[in-house]
Amino acid sequence: MRIKSDREKMTRQRIKDRNNMSIFFVLVFMLVFVVILVVEVFFIDEHRTGMLFGNKRPSAFDPIGDIPDYFMEDKKLVGQLEIDTYRRQELSVKSKTGNNERFYRKNVDETHLMARVTGNLVKSVHGIAKVDWLNMLGLKEITYFGSNSSATDGEWQPVFYTKHKFFVYSAYYDDRKGKIIRVIGATQTKKSDRVWCKYWYSNSSTLILNGAIKIIRENWNLKFSACFIACPLIIYKNGKQPIPPPESVSIMADPGGNATNKLRVMNLDVNKEEVKNSFAVCVKPLHFDYNNVNQVVEFIELNKILGVEHFTLYNHTIGKDVDCILRQYVDQGLVNILPWKLDIKSQKEIRTEGLFASLNDCLYRYMYQYKYILMIDLDEYIVPHANTSLPQLLRYLHTKADARKIGAISFQNSFFYLQWPDDPSSASLPPLVTLRKTRRRQRFHPHKQRSKYIAVTPFVVEAGNHFVWEFLPGKGTLNVPNEVAFLHHYRVCEFGGDDCVRNPRITDTAMYRYKDTLVKAYTTNMNHLAHICTLETTSKEKSVWTLG
């Protein structure tokens, strides 16, 4: 009996030990979880001096490849501003074979070169039937382009004979990384059709070459994406031979078929030495019958005060009031409006009306007219806090960082939520959101998260929404501390509802530096525009006097 009792005691002890061990592991797991949570909540924000490796700060400029962002503590002087290079090679249109570097993934050699001056076109390829292709696009008929047809620019046109939707919008001569014709388009994100570039010359000569598709990286993994089509201007036949830039180009999936697009090649006759150190704004496509009169007038007039000289907007669908107002600014040479009828379902098939195609089109369209382009939305403003204008800000930054390395300038985002009460001193002012909303979220978003930027246009290869994806070699992004300047973002709670109002906030009246000038500009222009566009400038007219 005693032996049995001892065995029972030993068994109970082992069970107790196992239970204690289980409790110990649970406690250790919980402790690790709490530590991770504390780190996430209290340490991962904008108040970091940078990532440390072995107690040594990594090099601020890495010409090899992608490196993390580095953040400046707000209280530090901007003399320590750092350049973050976020550069990826255009792998889909550049390769290296042996010791000979070639600019195109599909080497354009004698086996790929297909050309004619008069004579017959190359043999057609087999693909989707015409009737099926038309049904896919919702069309009954299609326009064909020949040598006597006028080329277009800034208009979405289909690529014939593809197995899926494929459109092109504009074409640009780009000689910064090897000479190519860079076409802005939209196509299937994965396994897109092979395409050909048909060059049109003034003497009725034509040339057909392989084109290389490069998907623009910011596509949210949707079925369709904005893209570049790189059309070569060098062939390898009996040595390296340059091709004269064409006056226009067609993108074709069937090199022996008819062209259903013909794009005028832009930037052929530009003097790069005459690029002005001036500022322009690019705005993504306006949609949902956008008709917020107050917002668009305030946006243009305030940015003019900040130093912007030109605005480009893309018209997907806008209301009659905004349409009339923008046309008045167009007549002044201040605004350019481009049509944007892309037949791909927004948010279901492609991200937000193909906005990444518009940003890159705007970049290349004004690359040699304005050196600095602000990539912002109508509810956003890049606001200097150590200076009063964008030109002053740039001069100041150039004294703190090497201007030769700067390809873009990034600004952290801070929300001025519209649900927060108006500033009491704004009661007697016109309905200007930048003066009414002076409460902002205390915490800034890190760079590349809701941040926006100014592109230094000659050095940018691929523009994104919140940051530049690719620069020319040796260029990078300058991350600006928020004590110097940051992005004022005026909107409702980003996740719906009103939960955002509980975020810690502070009062920021920096915009009141521009109050008198802005009120005068807004009032003068609104009175003039209200008369021309038959707007009712009373509280009864919701499209004029509400934030919308």
Side-chain angles (χ1 to χ4, degrees), residues 154 279-341 352-353 355 358-359 361-362 366 370 373-383 390 416 418 426 429-437 452 465 487-492 511 514-515 517-548:
F279 295 80
V281 162
C282 293
V283 180
K284 67 187 181 185
L286 304 180
H287 55 283
F288 297 147
D289 293 314
Y290 175 81
N291 204 41
N292 194 327
V293 171
N294 280 352
Q295 187 180 56
V296 73
V297 174
E298 179 179 9
F299 181 82
I300 292 174
E301 295 303 327
L302 179 51
N303 273 296
K304 283 171 58 182
I305 294 169
L306 290 171
V308 173
E309 296 184 10
H310 190 267
F311 301 82
T312 299
L313 303 98
Y314 293 82
N315 176 13
H316 183 268
T317 51
I318 59 176
K320 65 178 183 67
D321 295 333
V322 165
D323 179 65
C324 179
I325 285 174
L326 289 177
R327 291 185 186 280
Q328 308 311 309
Y329 283 116
V330 170
D331 292 341
Q332 299 174 28
L334 187 65
V335 168
N336 187 22
I337 307 173
L338 293 164
W340 197 260
K341 299 294 184 182
T352 317
E353 284 75 38
L355 74 98
S358 68
L359 295 180
D361 173 78
C362 196
Y366 295 102
Y370 303 95
I373 291 184
L374 288 68
M375 300 291 187
I376 56 177
D377 297 336
L378 292 176
D379 58 357
E380 298 172 336
Y381 298 85
I382 293 175
V383 182
L390 295 173
F416 290 71
L418 301 186
S426 68
L429 299 176
L432 296 160
V433 67
T434 54
L435 298 180
R436 289 172 59 180
K437 301 300 176 182
K452 288 299 177 72
N465 191 18
L487 183 76
H488 289 218
H489 195 167
Y490 299 87
R491 58 163 296 163
V492 296
M511 283 297 197
Y514 313 107
K515 183 187 75 172
T517 308
L518 177 58
V519 168
K520 181 179 179 180
Y522 174 87
T523 303
T524 301
N525 281 278
M526 186 61 79
N527 289 337
H528 174 68
L529 294 168
H531 175 71
I532 293 177
C533 298
T534 63
L535 303 175
E536 180 62 45
T537 56
T538 70
S539 58
K540 295 180 181 179
E541 180 54 54
K542 299 298 183 183
S543 67
V544 178
W545 292 110
T546 63
L547 290 172

Subject >> Expected output: side-chain H489 to main-chain L487 donor-acceptor under 3.5 Å >> reply: no
**OP:** Could you list the residues that satisfy side chain to side chain donor-acceptor pair (under 3.5 Å) with T434, not counting sequence neighbours?
**Re:** E298
**OP:** Considering non-hydrogen atoms only, spot the tightest contact between I300 and F311 and give its length.
**Re:** O-CZ, 3.5 Å
Original post:
Does C282 have any side-chain contact (heavy atoms from CB on, under 4.5 Å) partners at least two apart in sequence or in another chain, and if so, which?
Top reply: C362, I373, M375
**OP:** Determine the sole option in L286, N291, I318 for which the side-chain contact (heavy atoms from CB on, under 4.5 Å) test with D323 is passed.
**Re:** I318
Original post:
Parallel, tilted or perpendicular: which describes the rings of H310 and Y366, with under 30° parallel and over 60° perpendicular?
Top reply: tilted
Subject >> Passing option when L326 is tested against N336, L529, I337 for side-chain contact (heavy atoms from CB on, under 4.5 Å) >> reply: I337
Original post:
So which pairs with a foot in residues 283-297 pass salt bridge (Lys or Arg N to Asp or Glu O under 4.0 Å), sequence neighbours left out?
Top reply: K284-D377
Original post:
Any chance the side chains of Q295 and Y290 put a donor and an acceptor closer than 3.5 Å?
Top reply: yes
Original post:
How close do W340 and S358 get, heavy atom to heavy atom, and via which atoms?
Top reply: CH2-N, 3.3 Å
**OP:** Just jot down the side-chain contact (heavy atoms from CB on, under 4.5 Å) partners of V519, sequence neighbours excluded, or say none.
**Re:** L429, P430, L432, L435, K515, T523
**OP:** Check the surroundings of atom NZ in K520: do more than 12 heavy atoms from other residues, nucleotides or ligands lie under 6.0 Å from it?
**Re:** no
Original post:
Can you check whether H316's main-chain N or O pairs, donor with acceptor, with K341's side chain at less than 3.5 Å?
Top reply: yes
Subject >> Sequence-distant partners of N465, side chain to side chain donor-acceptor pair (under 3.5 Å), two or more places apart >> reply: none
Subject >> Selection residues 296-327 - residue pairs positive for disulfide bond (SG atoms under 2.5 Å apart), sequence neighbours left out >> reply: C324-C533
